[in-house]
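A, B, ... follow the sequence lines: proteins, then strands. Residue 1 opens every chain.
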Number of protein chains: 2
Amino acid sequence: MQTSTTEDYLKAIFKLSGPSKEGVSTNAIAEELSTKASSVSDMVKKLADKGLVNYIKYQGTTLSKEGEQIALHVIRKHRLWEVFLVEKLKFGWDEIHEIAEQLEHIKSAKLIDKLDEHLGYPKNDPHGDPIPNKKGEFHTLKKYKLNDLSIGEKSILIGVSEDSKDFLRYLDSIDLKLGSSIEILDFFQFDKSLKVLVNQKTERTFSELVAKNLNVSKEK
Amino acid sequence: MQTSTTEDYLKAIFKLSGPSKEGVSTNAIAEELSTKASSVSDMVKKLADKGLVNYIKYQGTTLSKEGEQIALHVIRKHRLWEVFLVEKLKFGWDEIHEIAEQLEHIKSAKLIDKLDEHLGYPKNDPHGDPIPNKKGEFHTLKKYKLNDLSIGEKSILIGVSEDSKDFLRYLDSIDLKLGSSIEILDFFQFDKSLKVLVNQKTERTFSELVAKNLNVSKEK
DNA sequence: AAACAAATTTAGACTTGTCTAAATACCGTG
DNA sequence: CACGGTATTTAGACAAGTCTAAATTTGTTT
């Protein structure tokens with residue numbers, strides 16, 4: 001069983017190695033975790049001893065298969081808790097990260113299963129990022145900004161870019177939430193605003209600024 | 001800000017000092033926390049330095065006002081999370097303690113406020129123990145076993161003594177949960193069973209064994 | 001009051017993770 | 001290819017909390 005520090009390191013390395021799984025520099029990890037390079041140097045050595053990372057002196061660090069599984073599992077927990085905080089406890093999308101950073105370290109597989117079920121098996125967190133399943137698999141469904149779509153296209157809201165209090169309150173007020181459907185009805189070149197159909201029932205007009213901040217996936 | 005170890009010590013001391021607030025022995029704390037007396041001895045000294053406990057060598061430890069506030073706050077968090085686990089995630093009442101032990105250390109006042117609200121401001125945890133309010137105050141409403149009541153009395157279910165899986169599943173199946181009302185309609189001496197009215201609508205018969213395991217408070 | 005057992009404290013060591021300061025390796029430029 | 005600067009690692013120290021083993025205190029019993 002890992003300490004929460006171990007989990008933080010693995011998560012940081014996962015994040016930094018990106019889709020191409022490049023080796024991550026000691027300094028980058030230090031930066032990400034707000035710690036010193038010397039501490040990281042010590043720590044990755046220990047993680048390597050435990051088989052969680054591959055580490056070659058002066059050359060950077062990558063996750064082992066096992067380390068990656070753990071990282072993905074922590075990310076799963078983090079994102080599920082974020083959904084909980086927004087959907088159930090009505091937190092603003094800008095307040096949740098810090099709390100989820102703590103909740104992600106709670107140890108109980110059953111808790112996460114039940115939470116997942118309670119939330120209706122969400123596929124994305126409130127920022128639109130995909131939630132890995134139990135096995136650590138996830139589908140990066142392609143993320144678009146609403147104003148990249150064409151007239152007639154249907155989409156699902158999967159997150160926001162800008163998550164200021166005000167913006168979130170606005171979304172709330174028009175009953176737009178994660179999973180809501182948005183269909184593009186019309187586009188007005190003169191101010192780049194959009195006429196849309198929300199949840200298959202309400203017509204609205206979105207300014208360019210609003211549309212730009214809505215992350216959606218194309219439906220079907 | 002306290003570490004979670006500090007919170008565990010304060011909670012243990014609170015629990016052990018009981019209603020009369022007696023001094024707690026080093027050995028008792030060690031036992032409660034599954035640690036060694038020497039560790040406790042070290043630790044209470046540090047807690048005393050921080051003003052969280054009053055400690056006199058060889059004489060035992062009591063909580064300071066501040067230490068008690070912290071302990072009560074941790075207990076509040078623990079019990080609210082227990083309610084969440086049972087009411088929202090449908091955990092059995094026997095599985096929640098261990099998970100709540102972790103959740104109670106999450107730091108965010110706002111989280112607890114929102115959780116409290118989400119749960120409908122419960123007054124008791126699933127075991128029937130009172131949940132302190134934000135200020136650390138709580139009302140110990142008197143706890144009875146259902147079979148201590150007399151015919152005609154009305155009560156509210158506040159917890160169970162025996163929390164085996166089977167028993168909990170049984171309660172679930174008859175829609176009996178925390179806060180449910182139970183009125184005593186009749187008592188049968190020959191087998192000590194009770195006829196009751198659950199939630200003001202369903203008549204049921206409880207065996208003595210069942211009745212004995214239901215903790216209730218008298219209504220009004 | 002002396003002696004003994006139990007409870008408690010002290011001393012010294014260990015683990016995890018962190019830091020600063022110093023040493024070393026790597027790499028691009030001239 | 002040597003130089004200098006940056007990245008990285010090493011060395012040594014520290015804080016929190018724990019442990020074992022030894023020393024001390026307490027309190028009970030005679």
[N] phosphate, OP1 or OP2, under 4.0 Å from [X] side-chain N/O:
X	N	answer
B:Tyr9	D:dT18	yes
A:Thr35	C:dC19	yes
B:Thr5	D:dA16	no
A:Lys36	C:dT20	yes

Could you list, one pair per line, each protein nitrogen or oxygen that sits under 3.5 Å from a nitrogen or oxygen of nucleotides 3-12 of chain D, together with the distance?
from   : atom 1 : to      : atom 2 : distance (Å)
D:dT8  : OP2    : A:Asn27 : N      : 2.8
D:dT9  : OP1    : A:Tyr55 : OH     : 2.3
D:dT9  : OP1    : A:Tyr58 : N      : 2.8
D:dT9  : OP2    : A:Thr26 : OG1    : 2.9
D:dT9  : OP2    : A:Ser41 : OG     : 3.0
D:dT9  : OP2    : A:Tyr55 : OH     : 3.4
D:dT9  : O5'    : A:Ser41 : OG     : 3.2
D:dT9  : O5'    : A:Tyr55 : OH     : 3.4
D:dT10 : OP1    : A:Lys57 : NZ     : 2.5
D:dT10 : OP2    : A:Lys45 : NZ     : 2.3

Residues [X], [Y]: salt bridge by 4.0 Å N-O rule:
X	Y	value
B:Lys11	B:Glu104	yes
A:Glu68	A:Lys21	yes
B:Asp166	B:Arg169	yes

**Item:** Check against side-chain contact (heavy atoms from CB on, under 4.5 Å), A:Tyr58 and A:Thr26
**Value:** CA-CA 8 Å; A:Tyr58 296 106; A:Thr26 300; over 6 Å; no
**Item:** Residue pair A:Glu32 / A:Leu16: nearest heavy atoms and the distance that separates them
**Value:**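 Closest approach of A:Glu32 to A:Leu16: CB-CD1, 3.9 Å.
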Using atom [atom1] of [X] as one end and atom [atom2] of [N] as the other, report the distance to the nearest whole Å.
X	N	atom1	atom2	answer
B:Glu7	D:dA16	CD	P	16 Å
A:Leu33	C:dG17	CG	C1'	12 Å
B:Lys46	C:dT9	NZ	C1'	14 Å
B:Met43	D:dA15	CE	C1'	12 Å

**Passing candidate, salt bridge (charged side-chain N to carboxylate O under 4.0 Å, His left out) with B:Asp116, options B:Arg76, B:Lys77, B:Lys134** =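 Only one option passes, and that is B:Arg76.
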